[in-house]
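See structure below.
Every chain is numbered from 1 and lettered A, B, ... according to where its sequence line falls, protein lines coming before strand lines. Just so it is clear, the structure is predicted and the values come from calculations on it, not from any experiment. Heavy atoms only: backbone and side chains are in, while hydrogens, waters and symmetry mates are out.
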Amino acid sequence: MPETPLLLDRADLDRMIGILSERGYQVVGPTVREQEHIISYGDVGSTDDFPVGLTDEQEAATYRLVDRGDGRLFGYAVGATSPMSYLQPSDAVVWAGRRTGKGFETVEPPDPPRYAFVGVRPCELAAIAIEDEVFLGTGSQCPTYATLRQKAFLVSVDCTEPGGTCFCASMGTGPGATSGYDIALIEVLDDEGHAFIARAGTEEGAAVLAELGAAPAGEERAAAASQAVEEAAGKMGRSLDTEGLRDTLAASLSDPIWDELAATCLTCANCTMVCPTCFCAAVENRTNLDATEAERVRRWDSCFNFEFSYIHGGSLRPSASARYRQWMTHKLSSWVDQFGMYGCVGCGRCITWCPVGIDITANAAAVRARMEEAAHV
Amino acid sequence: MQAVTELPTINPMAPVPHEVVGKRRETYDTMTLELAAPEPFESRPGQFNMLYPFGIGECAISISGDPSRTDRIVHTIRDVGAVTHALHALDIGDHVGVRGPFGTPWPMEAAEGKDLVIVAGGIGLAPVRPAIYEALNHRDRYEQFVLLYGARSPEDLVYLDEIKEWRSRFDAHVDVSVDSAPSGYRGSVGVVTRLIPSADFDPEHAVAFVIGPEIMMRFSVTELRALGMPRDQIYISMERNMQCAVGFCGHCQFGNTFVCRDGAVFCYDDIHSYLPIKEV
Ligand SMILES: Cc1cc2nc3c(=O)[nH]c(=O)nc-3n(C[C@H](O)[C@H](O)[C@H](O)COP(=O)(O)OP(=O)(O)OC[C@H]3O[C@@H](n4cnc5c(N)ncnc54)[C@H](O)[C@@H]3O)c2cc1C
Ligand code: SF4
Ligand code: SF4
């Protein structure tokens, strides 16, 4: 792909949204959900739908939108939802059938929508790459996911102002996008005004940019924008030391520290619902009233639910501590064995949205300290 | 997006209808279903299918038939809840959805040239029956053949006719025990693990397949280890909540494994460190 950065302004972005919907995409991006006053993915018809001039203050168990006093469209860290709500939606129909006499037959699914995501964060691109491994990797492949994924168009926006719970720099997933996008943007607001530096990552991305007829960005301006993204790496509110973490956690399973770490956990499952990589789901079989038509759906589930590990006779993880341990060791240890990567991209959502502020970075550090201590006695 | 160029051609979540052609009651709560395979059904001992009575729900059931018969799929099912109850209610001629086979097999090759010891508890005899068929079909591949089978009570014993047949073979050592029995019961009474020390095999030169409730497997392994059987010669079959069987639903995780694809049959050496940990 030609790496010449192009220059867009807000009007160009509006035209891009138009071009994408003309190409048959349902355009989705960060929007403000008025009722809850949060940033969340939703339908986007123009740049007015983005969180214009807003930023998010995020801390453990804290989320607040505040005015920035400028016209940035992407001047926040990360919203409550991720593209996973579209690519791996809860209630995805993975099979449907209809009764025929004593048997049944498969009903072909309708064509799924084609989504164009505008405003995807680099950590979210990384989360999509993780989901690709889960649903399309070495094991079985999920056609429901594959179809949605294949048709998706991704416009990312690099981070220049990370939030208080962010730690993507530790996980190597941000703050800049390195792959997985059709178009990558950096938003700039400088002496010359409000603009976007754009790079194409795919042929289709290049075609969309060509249709916009954008001019090349000045070298200096493009370099300054990249510089701002690099500097963002040093401004994250959290960090997580991943050195040897897989082994450290794998060795910690029977340590009583898990009781301490999960002492305040409500097993509310919030952390798993906001996480862009958590893929666990219940497979549910439903029928219409006279049981002639049936659907098999995959509904988001959580390892924090009591019934999650149920087998005849009872739940295998009745305690909150076992469920918290399952979640955290899956993210940061067994995921590596299963998929060759960590299951965490450092978006910080689980810290922000945990009602009691349980912090995966602090707890990883605590387990590390405990295991090092244990090794010295 | 270029990352996904080719779409998968099979949907691993799609059940395929199979006709019920045989039904046989084993005990008061257990029956064996025989399904006609529309195409030759290849499976290996220890693998399982996902069975779907249309519209009701789906559950994991091991294949309990002879793997050399690819025209029939045999399942032995204990009625414990909604789905298994619906499976029991199927009549000859009804159709049931099947996905599979899934999971790892009992490693028959590992036992070749050695003694094969099978310890089964309760309904656990069903998932290991294909291995018994396979071993007895190729009896010369193994040294001693030992089957130790236990159930809660005489009413819970499955496959009684076959057990009688296996017992009558002079080249098989078959022992059955029940945890408790009414007075006058002529068989042996006590937990199945008690049969292990007196069975005729060379622990260092044997491979063991152990299946049953988790607690029974723990005690069996303890007995086998006490006799000097190395960890990597013991295989056990784990049960976990299982909803998709292809690693998408996450429910069956046991440590860093997915029981649906890394198991259900595991080498004890690979998972022994998880077993003593509470609530893994
Ligand atoms: C690999 C494997 C092989 C098995 N082989 C056999 C066999 O050969 N014969 C046999 O009788 N049983 C076997 N089982 C157990 C069988 O799958 C369960 O008894 C069955 O799922 C119970 O479903 P139910 O709705 O009838 O029971 P209920 O106890 O009513 O189930 C209630 C709920 O619990 C859930 N549930 C209970 N147990 C399980 C489970 N193991 N996995 C997922 N969900 C569960 C179900 O989702 C259900 O909604 C096997 C299980 C596994 C994992
Ligand atoms: S575990 Fe937490 S920080 Fe990591 S990806 Fe999930 S929500 Fe984000
Ligand atoms: S860690 Fe926090 S968000 Fe997750 S289940 Fe526990 S209380 Fe809920």
Is the shortest heavy-atom distance from the side chain of [X] to the side chain of [Y] under 4.5 Å?
{"X": "B:Ile277", "Y": "A:Arg325", "result": "yes"}
{"X": "A:Cys303", "Y": "B:Gln253", "result": "no"}
{"X": "B:Tyr274", "Y": "A:Leu253", "result": "yes"}

Check whether any side-chain N or O of [X] sits under 3.5 Å from a backbone N or O of [Y] as a donor-acceptor pair, and report yes or no.
{"X": "A:His330", "Y": "B:Asn256", "answer": "no"}
{"X": "B:Glu279", "Y": "A:Ser319", "answer": "yes"}
{"X": "A:Asp337", "Y": "B:Thr257", "answer": "no"}
{"X": "A:Arg296", "Y": "B:Met13", "answer": "yes"}

For [X], which atoms come within 4.5 Å of any heavy atom of chain B: side chain, backbone, both, or neither?
{"X": "A:Gln88", "value": "neither"}
{"X": "A:Gln326", "value": "side chain"}
{"X": "A:Leu316", "value": "both"}
{"X": "A:Tyr115", "value": "neither"}
{"X": "A:Arg299", "value": "neither"}
{"X": "A:Thr292", "value": "backbone"}
{"X": "A:Ala250", "value": "neither"}
{"X": "A:Glu293", "value": "backbone"}
{"X": "A:Thr147", "value": "both"}

Q. Between atom CZ of B:Arg99 and atom CH2 of A:Trp95, what is the distance when rounded to the nearest 0.5 Å?
A. 10.5 Å
Q | Gap separating the CD atom of A:Glu307 from the CG atom of B:Asn241, nearest 0.5 angstrom | A | 10.0 Å
Q. Highest number of heavy-atom pairs under 4.5 Å with chain A: which of B:Val16, B:Val80, B:Val246?
A. B:Val80
Q) When heavy-atom pairs shorter than 4.5 Å are enumerated against chain A, which of B:Glu58, B:Gln243, B:His251 gives the highest number? A) B:His251
Heavy-atom pairs under 4.5 Å with chain B, option from [options] with the top count:
{"options": "A:Thr287, A:Val94, A:Thr329", "answer": "A:Val94"}
{"options": "A:Ser254, A:Cys142, A:Ser309", "answer": "A:Cys142"}
{"options": "A:Pro318, A:Ala291, A:Gly139, A:Gly97", "answer": "A:Pro318"}
{"options": "A:Arg98, A:Glu284, A:Glu295", "answer": "A:Arg98"}
{"options": "A:Ala322, A:Gly205, A:Ala281", "answer": "A:Ala281"}

For [X], I'd like to know if atom [atom1] has over 12 heavy atoms of other residues, nucleotides or ligands within 6.0 Å.
{"X": "B:Phe219", "atom1": "CZ", "result": "no"}
{"X": "B:Lys23", "atom1": "NZ", "result": "yes"}
{"X": "B:Arg72", "atom1": "CZ", "result": "yes"}
{"X": "B:Glu6", "atom1": "CD", "result": "no"}
{"X": "B:Arg218", "atom1": "CZ", "result": "yes"}
{"X": "B:Arg152", "atom1": "CZ", "result": "no"}

Testing the basics here: between [X] and [Y], what is the closest heavy-atom pair and its distance to 0.1 Å?
{"X": "B:Pro15", "Y": "A:Phe104", "result": "O-CE1, 3.8 Å"}
{"X": "B:Phe248", "Y": "A:Gln141", "result": "CZ-C, 3.7 Å"}
{"X": "B:Phe54", "Y": "A:Ala294", "result": "CZ-CB, 3.5 Å"}
{"X": "A:Pro143", "Y": "B:Ile10", "result": "CG-O, 3.8 Å"}

Q. Do the ring planes of B:Phe258 and A:Phe279 sit parallel (below 30°), tilted (30 to 60°) or perpendicular (above 60°)?
A. tilted
Q) Side chain, backbone, both or neither: which part of B:Arg261 has an atom under 4.5 Å from a heavy atom of chain A? A) side chain
